[in-house]
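Contents: one structure, followed by commentary.
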Amino acid sequence: ESVVQWFTNKLPNNWTEEKGLRFTYYITAFAECGLSREDLPKEAEERLLRECEKELDCGCENFMLFTAMLKLGYSKHPIMTKILSSAKQQMLPDGGYVCERIRKKTDHTPKSCYKSDVHALCFLGECRKNGLDIAEFQPLVDYFLKRNLFYKGTDKTELVLNDREGWRT
């Protein structure tokens with residue numbers, strides 16, 4: 001039995017139709033298992049490309065999906081140029097990102113979300129490994145270098161996620 005067959009047998013029958021983060025998790029699992037885009041079922045690739053045609057949300061799930069795409073071998077696909085261009089346009093003044101759900105709730109420019117920013121940084125790291133130009137994204141790197149991301153700003157001895165046990169993306 002091939003790795004791909006074993007892997008897809010473990011997934012729900014309709015996994016390519018899953019809503020929310022599940023599809024992203026499944027695609028990420030393919031990538032993290034060392035599989036390539038050739039290993040994806042046709043309907044999974046079609047859904048993946050449809051997801052990328054939507055307007056970029058700049059949420060953690062988007063950057064997680066884009067990172068998986070690069071690991072699967074989509075670095076030369078024209079969609080990557082669109083994704084990078086859109087990500088650059090939506091960068092916040094502080095150099096980071098925040099998802100559309102948060103942007104819609106405020107009437108001012110919000111601070112970026114470190115969860116989105118961590119996934120964006122992972123995406124940029126994968127871009128760099130794949131030879132894609134990321135020079136315009138230095139503000140995101142600076143965002144991390146200039147901030148204390150692990151401890152609360154109000155109390156440098158308390159972890160940021162201390163009160164959110166079990167949170168993950």
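Within the 4.5 Å cutoff, side-chain heavy atoms of Cys99 are placed close to those of Asp57. Side-chain contact between Leu70 and Cys127 is present, with heavy atoms from C-beta onward closer than 4.5 Å. Contact of the Arg37 side chain with the His77 side chain is registered, since non-hydrogen atoms from C-beta on lie closer than 4.5 Å. Side-chain contact check for Phe123 versus Leu84: some heavy-atom pair is nearer than 4.5 Å. Contact of the Tyr97 side chain with the Cys60 side chain is not registered, since no non-hydrogen atoms from C-beta on lie closer than 4.5 Å. Two residues are said to be in side-chain contact when any heavy atoms from C-beta on lie closer than 4.5 Å; Lys10 and Phe7 fail this criterion. Residues Tyr25 and Met64 meet the side-chain proximity criterion, which asks for heavy atoms closer than 4.5 Å. Taking 4.5 Å as the limit, some side-chain heavy atom of Asp117 sits within range of a side-chain heavy atom of Leu140.
Atom CD in Glu17 sits 8.5 Å away from atom CD in Glu43 (nearest 0.5 Å). Taking CZ of Arg22 as the reference point, atom CD of Glu61 lies at 14.5 Å (rounded to 0.5 Å). A distance of 13.0 Å separates CD1 in Ile102 from SG in Cys58, rounded to the nearest 0.5 Å. Between the NZ atom in Lys71 and the CZ atom in Phe30 there is a gap of 15.0 Å [rounded to 0.5 Å].
Under a 3.5 Å cut-off, the side chain of Asp39 and the backbone N or O of Ser36 do form a donor-acceptor pair. Ser85 contributes no side-chain N or O that, together with a main-chain N or O of Thr81, makes up a donor-acceptor pair within less than 3.5 Å. In this structure, Asn62 contributes its side chain and Leu56 its backbone to no donor-acceptor pair below 3.5 Å. Using a distance-only test at 3.5 Å, with no hydrogens or angles considered, no donor-acceptor pair links the side chain of Tyr74 to the main chain of Ile79.
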Discussion item. Between Leu40 and Ile27, is the side-chain contact (heavy atoms from CB on, under 4.5 Å) condition met? List the steps.
Written reply: CA-CA 9 Å; Leu40 286 177; Ile27 292 294; 3.9 Å; yes
Worksheet item: Going through the checks in order, is the side-chain contact (heavy atoms from CB on, under 4.5 Å) test met by Phe144 and Val118?
Response: CA-CA 9 Å; Phe144 282 94; Val118 165; 3.9 Å; yes
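Under the rule for a side chain to side chain donor-acceptor pair (under 3.5 Å), Lys88 has no partner lying at least two apart in sequence or in another chain. For Lys76, the salt bridge (Lys or Arg N to Asp or Glu O under 4.0 Å) test picks out no residue, with sequence neighbours left out. Take Gln90 and apply the side chain to side chain donor-acceptor pair (under 3.5 Å) test, not counting sequence neighbours, and it matches Ser86, Arg103. Under the side chain to side chain donor-acceptor pair (under 3.5 Å) criterion, Glu55 pairs with no residue at all, not counting sequence neighbours.
Side-chain heavy atoms closer than 4.5 Å link hydrophobic residues (I, L, V, M, F, W, Y) into clusters, and following such links, possibly through other members, connects Met69 to Phe23. Tyr114 and Val98 fall into different hydrophobic clusters, where Ile, Leu, Val, Met, Phe, Trp and Tyr are joined by side-chain heavy atoms under 4.5 Å apart, directly or via other members.
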Indicate every side-chain donor-acceptor pair of residues 46-54 with a distance under 3.5 Å to a residue at least two apart or in another chain.
residue: Arg47; atom: NE; partner: Glu51; partner atom: OE2; Å: 2.9
residue: Arg47; atom: NH1; partner: Thr16; partner atom: O; Å: 2.6
residue: Arg47; atom: NH1; partner: Glu18; partner atom: O; Å: 2.9
residue: Arg47; atom: NH2; partner: Glu18; partner atom: O; Å: 2.8
residue: Arg47; atom: NH2; partner: Glu51; partner atom: OE2; Å: 3.4
residue: Glu51; atom: OE1; partner: Lys54; partner atom: NZ; Å: 3.4
residue: Glu51; atom: OE2; partner: Lys54; partner atom: NZ; Å: 3.2

For a quick test of your reading: what N or O donor-acceptor pairs under 3.5 Å do the side chains of residues 130-138 make, sequence neighbours left out?
residue: Asn130; atom: ND2; partner: Glu126; partner atom: O; Å: 2.8
residue: Asp133; atom: OD1; partner: Ala135; partner atom: N; Å: 3.1
residue: Gln138; atom: NE2; partner: Asp142; partner atom: OD1; Å: 3.1

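Within a 6.0 Å radius of CG in Asn13, other residues, nucleotides and ligands contribute 12 heavy atoms or fewer. By the neighbour-count criterion of 12 heavy atoms within 6.0 Å, atom NZ of Lys82 is densely surrounded, having more than that number from other residues, nucleotides or ligands.
Aromatic ring pairs are classed by plane angle as parallel below 30°, tilted from 30° to 60° and perpendicular above 60°; the pair Tyr26 and Trp15 is perpendicular.
In terms of heavy-atom proximity, Thr8 sits nearest to Pro41 at CG2-CG, 4.3 Å.
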